[in-house]
Amino acid sequence: NACMTTRGDNNAMIHATGASVIKNCVLTDFTCPGGNGHAVYVAGTTEMSDTVIRNISTSNTTTFNQLVAVYLAGSANVHDCIITNNMVRRSGYGTVTIASANAALRRSLVKDNTHIRVESRNGNFAGGVCISAGTLEDCVIDGNAVKGSSLDDTIYAGGLCISGSNTKIR
């Protein structure tokens, strides 16, 4: 049940689908040198709990190097986690992205993350959480920042960006 993953440098540190369980882990020091990536991608009925995700980063500001720290799809259930000190970049996403009606982030701390500059029109992004569908419940979102965009038609938020109508925030 306990694990520590460090120093990954691919397009995914963890890619979990089906009925996977991730518990009591520390996921740290992941970088994405090129391409689009998710440090932690959880989908299906994956449950992730009591896990720390920190120091995920991309320093490259080109459109070909985009990274999200945690991406929730399917019926993924992420709870009691700490997501902190990450630097990400991807248009339409946040440090944590909830993108499915049945996916949920609960009782978690999303703190001190930064979404660096995105030059993309019609994009929504957040330093904390970007939710287009699903549930965000009993979470603390604090101290997150977004570097913004100089383009029109771009929506960004330091803490929370709600970009869909099928969302539940409690």
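In what follows, residues are counted from 1 in the order of the sequence shown. The figures that follow rest on heavy atoms only: side chains count, while hydrogens, waters and symmetry mates do not.
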Assess the residue pair Leu136 and Arg170 against the criterion (side chain to side chain contact (heavy atoms under 4.5 Å, CB included)); give the C-alpha distance rounded to whole Å, side-chain angles, the decisive distance to 0.1 Å, and a yes or no. CA-CA 6 Å; Leu136 178 66; Arg170 304 179 242 214; over 6 Å; no

Please determine whether side chain to side chain contact (heavy atoms under 4.5 Å, CB included) holds for the pair Ile53 and Val96, giving the CA-CA distance in whole Å, both sets of side-chain angles, and the decisive distance to 0.1 Å.
CA-CA 11 Å; Ile53 298 132; Val96 177; over 6 Å; no

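The backbone N or O of Ile56 sits less than 3.5 Å from a side-chain atom of Asn86, completing a donor-acceptor pair. Thr84 places no side-chain N or O within 3.5 Å of a backbone atom of Ile82 that could act as its donor or acceptor partner. Thr51 contributes no side-chain N or O that, together with a main-chain N or O of Met48, makes up a donor-acceptor pair within less than 3.5 Å. Checking side-chain atoms of Ser100 against main-chain N and O of Gly74 turns up a donor-acceptor pair under 3.5 Å. The closest donor-acceptor contact from the side chain of Thr28 to the backbone of Val26 lies at 3.5 Å or more, if one exists at all.
Within the model, atoms CZ of Arg54 and CG of Asn113 stand 13.0 Å from one another, a figure rounded to the nearest 0.5 Å. Taking NE2 of His15 as the reference point, atom OG of Ser20 lies at 9.0 Å (rounded to 0.5 Å). To the nearest 0.5 angstrom, Asp138 atom CG is 9.0 Å from Arg106 atom CZ. Thr167 contributes atom OG1, which lies 5.5 Å from atom CD1 of Ile162 (distance to the nearest 0.5 angstrom). Once rounded to the nearest 0.5 Å, the distance linking NE2 of His115 with CG of Asn144 reads 11.5 Å. Atoms CD1 and CG, from Ile83 and Asp112 in turn, are 13.0 Å apart once rounded to the nearest 0.5 Å.
Pairing each heavy atom of Leu105 with each of Cys139, the nearest pair is O-SG, 3.5 Å. Closest approach of Ala99 to Ser132, counting heavy atoms only: CA-OG, 3.6 Å. For Ala101 against Ala133, the heavy-atom pair with the smallest separation is N-CB, 3.6 Å. For the pair Ala103 and Ala73, the tightest heavy-atom approach, listed with the atom from each and the gap, is CB-O, 4.1 Å. Across all non-hydrogen atoms, the minimal contact from Val42 to Ala76 is O-CB, 3.5 Å.
Here the side chains of Thr17 and Thr45 are not in contact, with every heavy-atom distance at 4.5 Å or above. You'll find the side chain of Thr97 stays beyond 4.5 Å of the side chain of Val70, heavy atoms only. With contacts defined as side-chain heavy-atom distances shorter than 4.5 Å, the pair Leu72/Tyr41 does not qualify.
Between the side chains of Asn55 and Asn85, at least one donor N or O sits under 3.5 Å from an acceptor N or O. No donor-acceptor contact under 3.5 angstrom links the side chains of His79 and Glu137, judged on distance only.
At a threshold of 4.0 Å, the pair Asp80-Arg107 counts as salt-bridged, since one of the basic side-chain nitrogens sits closer than that to a carboxylate oxygen. Salt bridge Lys111/Asp142: present, at least one basic N to carboxylate O contact under 4.0 Å.
Shown are Val78, Ile14, Asp50; of these, the side chain to side chain contact (heavy atoms under 4.5 Å, CB included) with Ile22 is made only by Ile14.
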